[in-house]
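Working notes, structure below.
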Amino acid sequence: MLTQDNDQIQQRHRHLDEIIQLGHAAYPHRFDRTHTISSIVMQYQSYHGKREDEGEAARVNEELKGAGNGKIRLAGRIMQMRLMGKAAFAHLSDGGARLQIYVRKNDVGEAAWELYNKLDLGDWIGVEGFLFVTKTGEVSLHIHELQFLAKGLLPMPDKYHGVADKELRYRQRYVDLIASGAVQERAEGELTAREVFVKRAQIVRAIRDFFDERGYIEVETPMLTPLATGAAARPFVTHHNALDIPLYARIAPELYLKRLIVGGFERVYELNRNFRNEGLSIRHNPEFTMLEFYQAYADFNDLMDLTEELITGLVDEVCGSRQIPYQEHTLDFSNWQRLTMREAVLKYWPDHLQDKKPSLDDLMNRAALEAAAAALELGFDPKLNDGYLLGEIFAHVAEPHLINPTFITEFPTELSPLSKQNANDPRFVDRFELFIAQMEIANAFSELNDPAEQKRRFEEQMRQREGGDDEAMVMDEDYIRALSYGMPPTAGEGIGIDRLVMLLTNQRSIRDVILFPHMRPEAK
RNA sequence: GGGCCGUUAGCUCAGUCGGUAGAGCAACUGGCUUUUAACCAGUGGGUCGGUGGUUCGAGUCCACCACGGCUCACCA
């Protein structure tokens, strides 16, 4: 780890002491910049490499010298230093871009030169100077003023390779972010940690714009709740001292948002964290970001159209192409599929078991479902009801094939305690899940707004709970009361934002799209 | 929770068959006023994740533990 006391850390403390002795503040309060490094790099990109002959060099440098009246003031962290006797080059970073500075003893003066020699990689400095292009063609700042801004007391990661240790990258994300701009070779199109999180911010911004433009209002509902319900999951429990009651970190905002529809908000969305007390994996973090939105007078078919529009728009905006790489796949966002769960089972039924392939009707028949599970050599709990069994068969047969965006519809009622039943066939609900790259990205349905039926569904969930399923939903009496005041026909949807960001940034692990993923406590 | 892999200098990594712990970067000393993974010469830096065991001798073999990665199961 980077925090052990060693010769390098002692040396940096000595340098800081010496800087103070030279009369500089150890931690000065501010620095006036005229530009950011990123803006200079962007603006003068085209000058890069312009130095084929001396004549052109002189002309280019004469032009650059006037930029910003020759008094461009920049600040950043020192990423590389190359000392050459009485002159030096260094690269400064503002986190996003790097610019080379050129320091010459004659130009900065004795005092600043002395300061420069007490600087270490990772220190923050402010500089003033004029732009020029070096012999080797790099746009650089020839400085005549140097100000110390803050010390890096711990040694920087390898300037070329950066940080490879994933544990260190997740636990000390700040180090990952510092080093992710390192020169290290990356595969074509591979993003740095910083770029991933910048894209994540763009995606979240674009989602909010999308819903704001369509007349939704963004709301915030409780994160600490007396009941953990609205999803099938185990909650985190905490305790409220003043009230002396248990509180649960929410597992979903769903029931609160629908109360708002009852209250007369026709379109609401919430984009925030849910908490589920479950294991960690490449696709699961105990807290994750969920978008939920509800729209009165709409049904789940409307939301399929809306979802397609939302995600296609995001892909266009963030990726610039509808065919995007994701790990070993190419995802085609111009090719959306809609299948019922049973159709998907038939479509992806394994070739070598064609003789045992069930029919569409079979998949609603207990004996045939069990035969199908047996043919697939699927172990299953005989207590599972028909709906669960179909869900298991679907997950096994079809899910691995769902690479391009696919809406799966016609979910068994037993699997969907908050969804409205299909008008023609009450064994199924009007619900879909969206799968992309084998991941479940979205879940939506026409909302059950019959309070009596909702009460029956909760009671069924409670029976399953008593039967040992500690993820079955908890009864929410106040929600029944709210529905009893009348909720208009409504459709609602949840979209897992972390997973969507994974897709759009080609990240394999959810930990790579969460700044501070959950980790076991560090070993002491 | 199960299986597989990993943990060596501040960072990135070698370390053969069990026989005195290695490189590059970073640091230190000296040189160098357009370098760029700067360069040249020299120097220091290690509880080899931890604890036991086998052995004359363990970074290396064995057991257990910790942390991480991948994977299976569960889940969004």
Side-chain angles (χ1 to χ4, degrees), chain A residues 1-12 14-15 51 57 61 79-91 98-108 113 120-122 132-138 140 142 152-172 175 178-179 182-185 231-234 251-252 274-292 379 392 395 433-435 439-443 469-471 494-500 502 508-511 517 519-524:
Chain A
M1 281 293 172
L2 278 170
T3 46
Q4 287 164 5
D5 191 37
N6 66 19
D7 59 327
Q8 298 197 39
I9 294 171
Q10 288 166 15
Q11 174 60 34
R12 283 161 181 262
R14 270 198 299 279
H15 272 159
R51 186 131 182 197
N61 281 331
M79 303 305 289
Q80 290 181 22
M81 300 175 90
R82 291 174 291 280
L83 181 65
M84 294 174 306
K86 295 179 180 61
F89 288 93
H91 272 99
R98 293 175 177 212
L99 186 75
Q100 180 169 260
I101 61 168
Y102 179 51
V103 191
R104 210 160 64 162
K105 189 177 175 185
N106 308 52
D107 298 323
V108 292
W113 184 248
D120 293 298
L121 289 176
F132 74 112
V133 174
T134 63
K135 260 184 197 167
T136 48
E138 179 160 349
S140 307
H142 189 138
L153 290 169
L154 297 178
M156 288 290 111
D158 188 291
K159 66 182 174 188
Y160 186 66
H161 299 96
V163 183
D165 181 352
K166 284 197 171 181
E167 179 172 0
L168 201 147
R169 291 177 54 180
Y170 296 148
R171 286 193 196 279
Q172 299 179 240
V175 175
I178 292 168
V183 194
Q184 70 204 85
E185 299 119 4
R234 290 192 301 269
I251 56 175
N274 288 349
F275 307 86
R276 299 189 183 174
N277 206 337
E278 286 156 359
L280 308 166
S281 85
I282 199 167
R283 293 178 180 183
H284 298 85
N285 196 60
E287 54 180 300
F288 61 98
T289 301
M290 180 84 132
L291 164 71
E292 285 204 15
E392 292 283 311
E433 284 188 353
L434 171 61
F435 289 84
M439 278 195 288
E440 192 188 325
I441 298 298
N443 178 21
D469 180 358
D470 56 1
E471 295 194 347
I495 298 182
I497 299 304
D498 309 282
R499 290 183 176 178
L500 187 62
M502 285 166 69
R508 178 178 166 67
S509 169
I510 198 167
R511 291 191 197 98
M519 303 282 277
R520 272 175 214 269
E522 235 172 303
K524 289 286 176 199

### Task
Determine the contact category for A:Asn274: base if any of its heavy atoms lies under 4.0 Å from a base atom, sugar-phosphate if only primed atoms, P, OP1 or OP2 are that close, otherwise nothing.
nothing

Please write out each protein N/O paired with an N/O of nucleotides 21-24 of chain B under 3.5 Å, distance rounded to 0.1 Å.
from, atom 1, to, atom 2, distance (Å)
B:G24, N2, A:Asp158, OD2, 2.7

### Message
Whole angstroms only, please: what is the CG-P distance between A:Leu83 and B:U33?
### Response
10 Å

### Query
Looking for any heavy atom pair under 4.0 Å, which part of the strands does A:Glu138 touch: base, sugar-phosphate only, or nothing?
base

## Note on the structure
With sequence neighbours left out, the residues meeting salt bridge (charged side-chain N to carboxylate O under 4.0 Å, His left out) with A:Arg12 are none

#### Entry: Pairing residues for A:Gln100 by the side chain to side chain donor-acceptor pair (under 3.5 Å) criterion, not counting sequence neighbours
A:Arg82, A:Ser140

### Query
Which part of the nucleic acid, if any, lies within contact of A:Ile441, taking any heavy atom under 4.0 Å across all strands shown: a base, the sugar-phosphate backbone alone, or nothing?
nothing

Polar atom pairs (N or O), protein with nucleotides 44-46 of chain B, under 3.5 Å:
from, atom 1, to, atom 2, distance (Å)
B:G44, N2, A:Asp7, OD2, 2.9

### Short side-chain N/O contact to B:A73 OP1/OP2 from A:Arg283, under 4.0 Å
no

### Message
According to salt bridge (charged side-chain N to carboxylate O under 4.0 Å, His left out), who are the partners of A:Glu392, at least two apart in sequence or on a separate chain?
### Response
none

### Closest to side chain of A:Asn106, choosing from B:C13, B:U33, B:U34
B:U33

Could you pull out the protein-nucleic contacts involving nucleotides 1-6 of chain B (nitrogen or oxygen on both sides, under 3.5 Å)?
none

### Test item: A:Pro517 and A:Ile510 side chains (from C-beta on) under 4.5 Å apart, heavy atoms
no

### Query
ring-ring contact (aromatic ring centres under 6.0 Å, His included) with A:His142: which residues, sequence neighbours excluded?
A:Tyr102, A:Phe130, A:Phe132

#### Entry: Spacing of A:His142 atom NE2 relative to B:U35 atom P, expressed in whole Å
14 Å

#### Entry: Residue list, salt bridge (charged side-chain N to carboxylate O under 4.0 Å, His left out) with A:Arg104, at least two apart or on another chain
A:Asp107

### Task
Could you list the residues that satisfy side chain to side chain donor-acceptor pair (under 3.5 Å) with A:Glu138, not counting sequence neighbours?
A:His91

#### Entry: Residues in salt bridge (charged side-chain N to carboxylate O under 4.0 Å, His left out) contact with A:Glu287, at least two apart in sequence or another chain
A:Arg273

#### Entry: side chain to side chain donor-acceptor pair (under 3.5 Å) involving A:Asp120 - partner list, sequence neighbours excluded
A:His15, A:Lys151

#### Entry: Atom-to-atom span, CE of A:Met519 to C1' of B:A66 - whole angstrom
13 Å

### side chain to side chain donor-acceptor pair (under 3.5 Å) involving A:Arg283 - partner list, sequence neighbours excluded
none

